[in-house]
Amino acid sequence: MKRISLALSLLFSSIIGISAQSLTPSEDIVDCGQIQFCQPKTVSVELTNNSSKQVTIKSIRNACGCTKTKISKKNIGSRKSATLEIEYDAQQLGHFYRHIEVYTKQDEKPLLIQIRGVVVTEVKDFSKAYPFVIGGIRTDKNEVEFDDVYKGDKPQQTIHIVNTTGTTIEPVVMHLPEYISAEVEPQRIMPEEGGEIRLTLLSEKIHNFGLSQTSLYLGKKMGEKVSPEKEIPTSVILLPSPERGGGLNPEIVLSSKVLETKNMSGKPNKKRGEIIIQNTGKGNLNISSLQMSTTGLQVSLGKQQLRPMESTTLKITADEEEIHSQKTRSRILMITNDPKSPKVVIEIK
């Protein structure tokens, strides 16, 4: 029995040794994007030796004469890397998929590296019309805001996208809350083709007035995992229906609606500022909600109810470094019963 167990153990170890690769590429699939016709393009891949011994490259086999390769060194020490340069000649228009085989003395099977892209007569620059990259997809927006929404409204926001990945994608919006629906048109987008994502807000499903925030995630296909580079920060500001009190309406006036941290006193992690809030109307002013859109802010309000001509102070403490690291704008939101200003926003820059 011991001999049988030992034999099986050795056989298992042998199989594992054969299947494992000594070299790990920085990319298994290299996307060359658009290439100008007859203008060769070179891409680089780092090959890292993850084994405990030196790895020697015997040969590199190209799929066809359209590719050329060059390795920076053939002997790669343990935990060291070499650079593999791959040149594609771009002599044929259209999409291409090619693979490179790297053979070593230590491995029985070659390491496979794939390159792909599209050769075109004219390279299109999508960076201006679609300046953001979310989940590998170029978009014209990197955040969504539904502002000044009343209960029952169903406003829409559209995100325009273009596929520059080199392969067909089926975009999907993940982690949708119950109050937002999404439609992608078309459902399949070919390389270099565009589409759009229509987001519809179902305001009746939001229970609280003021600011609601969530994160949507954009993937290239169903089943992808969420990750920070796929995030689309999304905010909603739901307002109460305007109240009318005849000629006795309140009127809110602020000493400033913008605070810059560079002009605030204190240390970078504790900048302090103040804003004077006054009710210049003839009715009582009620500040029913006071919210911050990002972390790094602390606020203190002297009074939430102001009689005519009465004033109070809003004290603000800001962590300058944390505010500047946020993906979205730092804002303070107030919901009031002033029919002319049911929403008041203070920008922190």
Does [X] use its side chain to pair, donor to acceptor, with the backbone of [Y] at less than 3.5 Å?
X    : Y    : answer
S341 : K343 : no
T261 : I348 : no
Q157 : E145 : yes
S203 : G152 : yes
N286 : Q305 : no
Q114 : R98  : no
N62  : T67  : yes
D153 : P155 : no
Q21  : K109 : yes
E170 : M222 : no

Any side-chain heavy-atom pair from [X] and [Y] closer than 4.5 angstrom?
X    : Y    : result
L290 : L314 : yes
I232 : L218 : yes
T167 : R116 : yes

Using only heavy-atom distances, determine whether the side chains of [X] and [Y] contain a donor-acceptor pair under 3.5 Å.
X    : Y    : value
Q156 : T200 : yes
E322 : T295 : yes
T336 : D338 : no
N50  : T24  : yes
N49  : S51  : yes
S44  : T83  : no
E196 : T158 : no
S22  : D107 : yes
Q278 : T280 : no
T234 : Q213 : no

Under a single-linkage definition using a 4.5 Å side-chain heavy-atom cutoff for Ile, Leu, Val, Met, Phe, Trp and Tyr, are [X] and [Y] assigned to the same hydrophobic cluster?
X    : Y    : value
I71  : I113 : yes
Y179 : L211 : no
V43  : L111 : yes
I252 : F209 : no
L239 : M334 : no

Is it the case that more than 12 heavy atoms not belonging to [X] sit under 6.0 Å from its [atom1] atom?
X    : atom1 : answer
E27  : CD    : yes
H160 : NE2   : yes
K151 : NZ    : yes
E321 : CD    : no
K124 : NZ    : no
E310 : CD    : yes
E46  : CD    : yes
R198 : CZ    : yes

Query raised in the report: How would you list all residue pairs meeting salt bridge (charged side-chain N to carboxylate O under 4.0 Å, His left out) that involve residues 205-228, not counting sequence neighbours?
Result: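 Of all non-adjacent pairs touching residues 205-228, those that pass salt bridge (charged side-chain N to carboxylate O under 4.0 Å, His left out) are E224-K230.
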Smallest separation among heavy atoms of [X] and [Y], with atom names:
X    : Y    : result
L216 : P177 : CD2-CD, 3.7 Å
R331 : V345 : CD-CG1, 3.8 Å
I76  : A82  : CD1-CB, 3.6 Å

Within this structure, what is the [atom1]-[atom2] distance for the pair [X] and [Y], rounded to the nearest 0.5 Å?
X    : Y    : atom1 : atom2 : value
E192 : H95  : CD    : NE2   : 6.5 Å
K271 : S265 : NZ    : OG    : 7.5 Å
M190 : I169 : CE    : CD1   : 11.0 Å

Query - Parallel, tilted or perpendicular: rings of F96 and Y88 (30°, 60°) - result: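 Parallel.
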**Report entry** Salt-bridge present (K349, E347; N to O < 4.0 Å)
**Finding:**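 Answer for the salt bridge query: no.
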